[in-house]
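Read through the structure below, which is laid out as structure tokens, and then see the notes.
Lettering of chains follows the sequences in order, A, B, ..., and the numbering in each one begins at 1.
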There are 2 protein chains.
Amino acid sequence: MRETAAAEPRPYHHGDLSRALIDAARRLLESEGPSALSLRAVAREAGVSPAAPYHHFKDKGELLEAVATEGWDMLNDSLSAARKSAHSVKDKLTALGVAYVVFARQNPSLYRIMYDGSRNKEELPSHVHMEDDSAYCQVRDTLVEAGADPADEIALELATTAAWCAAHGLAEMASFKQFDTLKTALGSEEAFLRGVFEHMKIFADDHGK
Amino acid sequence: MRETAAAEPRPYHHGDLSRALIDAARRLLESEGPSALSLRAVAREAGVSPAAPYHHFKDKGELLEAVATEGWDMLNDSLSAARKSAHSVKDKLTALGVAYVVFARQNPSLYRIMYDGSRNKEELPSHVHMEDDSAYCQVRDTLVEAGADPADEIALELATTAAWCAAHGLAEMASFKQFDTLKTALGSEEAFLRGVFEHMKIFADDHGK
DNA sequence: AGTATATCTGGACGGCGTAAAGATCATCTT
DNA sequence: AAGATGATCTTTACGCCGTCCAGATATACT
């Protein structure tokens, strides 16, 4: 819609350092894992001095928050796609759950970062829990589509929470080697995920329909 | 069964430093949280030099593992007690789930440490998953008591995994402020936990009985 | 008693997050 | 066009971290 650089945060010496820092962090996260993600390492990867990031982020936490935000956006997109691709209404919920866990398994370091900031503040970022096509709202809306009564707000929030907890729990557990035999017995990791979800009412029920 | 000190690791200059270090770590964990748990701080708290711990633990990780092991033992005890205190068979599973989450909520820093080491190794400690009165086995046995078919090993392991994931997911989520309104609406945090569990088949079903 | 050995201290190294001061460069005002 | 302004980046420095090494110290074995 717009020609060139005109409304961006104004490239100065570097160009767009905050963008470059987030990208560098993501790169390090994939190649070295979360424990290697120091502010200094990110600055090094981006080719600037260790203090440069402080002109764009208040501290290390704020940089990680920016990385996390992009992670949540990616997750929201994954869930949207899963919701659309599911054929029957009954499959939609499981498809959402599987998509959630698959995302976490494919981006384990990013997934960790996404929750780390929240754990310290004991609060999820608002765009996860509140905004309209946030992950939380997508799960809730899908529950309603599946037959949950939207008038009973408490039950609906409880059910959404239950689904979220189940998916998050499985996402963290699925990486443990203890489940390898079960995965091979069932043929694939996704079969394992579906198997676990099948044992959870929240993903199998008809929700009053 | 034995009189005094005879089979212990032998107290030397300090007395029993590894014990003292683990206690110091637990103390710091409760008073300052996981982020303050540096090796140096633990040594300081125990009144020894920063290098002293290295004669008892290979590195910081091994000390944290020792702390985690005690945490798992405490959790196992909590679950045993919950299992015994539940009156009906039907209540036992929910009682287990609630006890799990309550433990995590009452010892949040310790709970974090318990999983941190495993996340790096992608493997749970064996005494959690294998030994007879481990948390995992207690959940599995309770499922059998509740009517699950012990002959269908795959289904039983899937169900146990589902219950574990649900409880772990809820344990991590329950600290977020987002659920405060729901908790007050339901009257107490435990009511909130039970409400969430009620939406999970694994905790409500009759398991084929 | 005397030697070996386990335990602890002190000091050092590099890496970390972060703050302060100075250099550099795009933009704004005139 | 010129100089002032202020954002961006670098350099330097501080205290904390995990860890290693050399030396001191106290216990245990012969």
May I have the distance from [X] (atom [atom1]) to [N] (atom [atom2]), rounded to whole angstrom?
X     : N      : atom1 : atom2 : result
A/E45 : C/dG15 : CD    : P     : 16 Å
B/D16 : C/dC8  : CG    : C1'   : 15 Å
A/R40 : D/dC14 : CZ    : P     : 14 Å
B/L39 : C/dT9  : CG    : P     : 14 Å

Using a cut-off of 4.0 Å on non-hydrogen atoms, how would the nucleic acid contact of A/S38 be classed: base, sugar-phosphate, or nothing?
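Sugar-phosphate, backbone atoms only, no base.
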Verify whether the ring centers belonging to B/H168 and B/Y115 lie closer than 6.0 Å.
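Distance test on ring centres: under 6.0 Å, yes.
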Qualifying residues under ring pair (Phe, Tyr, Trp, His ring centres under 6.0 Å), relative to A/F103, sequence neighbours excluded
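Result, ring pair (Phe, Tyr, Trp, His ring centres under 6.0 Å) vs A/F103: none returned.
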Does B/E198 pair with B/R194 as a salt bridge, N-O distance under 4.0 Å?
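A salt bridge is absent here (no side-chain N lies under 4.0 Å from a carboxylate O).
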Ion pair present between B/D23 and B/R26, side-chain N to carboxylate O less than 4.0 angstrom?
no
Quick one, B/H199 and A/M200 - any side-chain contact, counting heavy atoms below 4.5 Å?
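SC-SC contact between B/H199 and A/M200 ruled out.
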Using the closest heavy atom to pick a nucleotide of DNA chain D for each, name whichever of B/A36 or A/A52 lands nearer the 5' end.
A/A52
Contact check, residues 54-67 of chain B vs DNA chain C, heavy-atom distance under 4.0 Å, returns B/H55, B/H56
Would one find a side-chain N or O of A/R44 under 4.0 angstrom from OP1 or OP2 of D/dT10?
no
Cut-off 3.5 Å, side chains only: do B/S109 and B/E30 have a donor facing an acceptor?
no
